[in-house]
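Computed from a predicted model, the values in this text were never measured in an experiment. Any value given below was found using the heavy atoms of this structure, including those in side chains, with hydrogens, waters and symmetry copies removed.
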Amino acid sequence: MSVARYFDEMNYGPAPEADTEARAWLKRHDATFGHFIDGAFVTPNSDAYIDSMEPGTGAKLARIASGNAADVDAAVVAARKAQGKWAKIGGPARARHLYALARAVQR
Amino acid sequence: MAELKIAPLRPEAGRNAPARNEACALDLGWVRDVRVNLSAAERRVATLPGRRTVKKDAQAAWLLKAVTCIDLTTLNGDDTEGRVRRLCAKAKSPIRTDILEALGMADRRITTGAICVYHRFVKTAVDALEGSGIPVAAVSTGFPAGLVPHDVKLKEIEASVRDGAKEIDIVITREHVLTGNWQALYDEMRDFRQACGDAHVKAILATGDLKTMRNVARASLVCMMAGADFIKTSTGKESVNATLLVTLIMVRMIRAYHERTGFMVGYKPAGGISAAKDVLNYQFVMKEELGREWLEPDYFRVGASSLLADIERQLEHHVTGRYSAYNRHPVG
């Protein structure tokens with residue numbers, strides 16, 4: 001719609017947020033996301049992926065790893081290994097980790 | 001109290017002009033029943049800017065509409081004829097022609113809504129705006145305190161109207177609101193309206209002085225019942241001038257008055273609106289609470305001076321992609 005038409009009708013018009021940052025981030029990761037197991041992103045055992053669609057247009061947005069029993073086993077083993085140290089560092093230290101994680105998510 | 005003689009409406013040939021507020025009798029019961037839900041109102045104005053926005057072409061159009069609603073104002077002790085003339089020149093051509101051309105709006109006659117000056121400069125302004133169709137608004141009745149004798153106030157209004165002012169911004173006696181003397185407020189407002197004759201009258205409530213939102217709501221209602229064409233927030237000289245909160249309260253009273261009587265009364269915030277994104281928030285409130293017609297200069301004005309410079313900067317940014325320095329946008 002032209003400026004003149006908006007001036008006469010005073011509609012709000014579409015006001016989408018700019019998506020350049022989000023698109024750039026997807027590009028950096030090749031739009032492919034594996035599971036995070038034992039401190040690293042890994043490719044799934046079965047090499048199967050789920051397609052994630054963009055709600056606004058229906059286009060494919062990214063691929064997300066589809067896990068099987070073997071992936072779950074690996075995750076549980078890694079978690080059991082980490083649990084001991086996690087418990088030992090104490091409440092305040094765990095809180096610091098969680099706050100850092102929350103800040104990263106907010107950013 | 002003088003018999004109220006409202007001049008009959010004379011619509012322009014071939015056009016139905018909207019009915020002017022014909023006023024009604026003071027309804028003290030209605031005034032006393034007015035309630036304001038303060039926390040709900042605060043919540044509403046806090047969230048509205050986050051829920052509504054205009055971008056790109058729509059934003060340029062809304063800002064141009066805001067320009068047409070500005071009452072370009074100079075109310076300083078050191079005003080001179082020269083300054084008023086420069087302001088009038090700016091009112092006739094508020095946005096640079098090259099920017100208007102780039103927006104595709106050069107063929108529209110974009111001017112400000114009015115010029116607002118003290119009585120002394122009304123004649124100068126009328127002369128400078130000759131042929132432009134821009135009305136001159138005069139502040140009156142002992143602006144800004146409004147504490148001169150009543151007959152002096154009426155003489156001031158009549159003098160400004162004689163000099164050619166088409167709009168008069170009067171100040172109410174805040175004492176009447178603070179002591180709950182609604183009859184006195186009603187009577188003085190009716191006298192002012194009568195003295196204005198054909199000129200339209202804006203009632204400045206000086207909301208910063210009224211202390212509570214309930215007082216603001218009641219004063220708005222009484223002034224409308226007495227025949228105000230516009231209700232205006234402030235003189236611009238109080239410590240707190242226009243805010244979104246008083247705006248919400250006042251426009252809701254305008255809506256209530258409209259629903260009961262059918263008359264449309266205008267709204268004018270004044271003072272403290274200097275950024276383009278601020279004026280957009282006021283426009284959102286007008287559109288959301290009152291409707292499309294209240295975005296036009298007939299029912300919405302903004303008392304501002306430096307706002308125009310910021311709007312021009314935003315429009316130039318929309319057209320060129322670059323922000324320029326303030327000193328490239330003088331006000332007159």
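- Remark: B:K166 NZ is loosely packed, at most 12 non-hydrogen atoms of other residues, nucleotides or ligands lying under 6.0 Å away.
- The distance from the CG atom of A:D8 to the NZ atom of B:K65 is 6.5 Å, given to the nearest 0.5 Å.
- Within a 6.0 Å radius of CZ in A:R5, no more than 12 heavy atoms belonging to other residues, nucleotides or ligands are found.
- The minimum heavy-atom distance linking A:V3 with B:M105 is given by the pair CG1-CG, 3.9 Å.
- Looking at heavy atoms from C-beta onward, B:V54 lies out of side-chain contact with A:M10 at the 4.5 angstrom threshold.
- Within a 6.0 Å sphere centred on NE2 of B:H317, heavy atoms belonging to other residues, nucleotides or ligands number more than 12.
- Note that CH2 of B:W62 and OH of A:Y12 are 4.5 Å apart. Values are rounded to the nearest 0.5 Å.
- Note on B:Q283, B:E288, B:E296: by heavy-atom pairs under 4.5 Å with chain A, the leading option is B:E288.
- Around the CZ atom of B:R109, the shell of radius 6.0 Å holds no more than 12 heavy atoms that belong to other residues, nucleotides or ligands.
- Checked options B:D57, B:L103, B:T68; the residue passing with A:F7 is B:T68 (criterion: side-chain contact (heavy atoms from CB on, under 4.5 Å)).
- Only the side chain of B:I110 comes within contact range of chain A, judged by heavy atoms closer than 4.5 Å.
- Counting heavy-atom pairs under 4.5 Å between each of A:A15, A:G13, A:P16 and chain B puts A:A15 at the top.
- Contact of B:Q59 with chain A is not made at all, since no heavy-atom distance falls under 4.5 Å.
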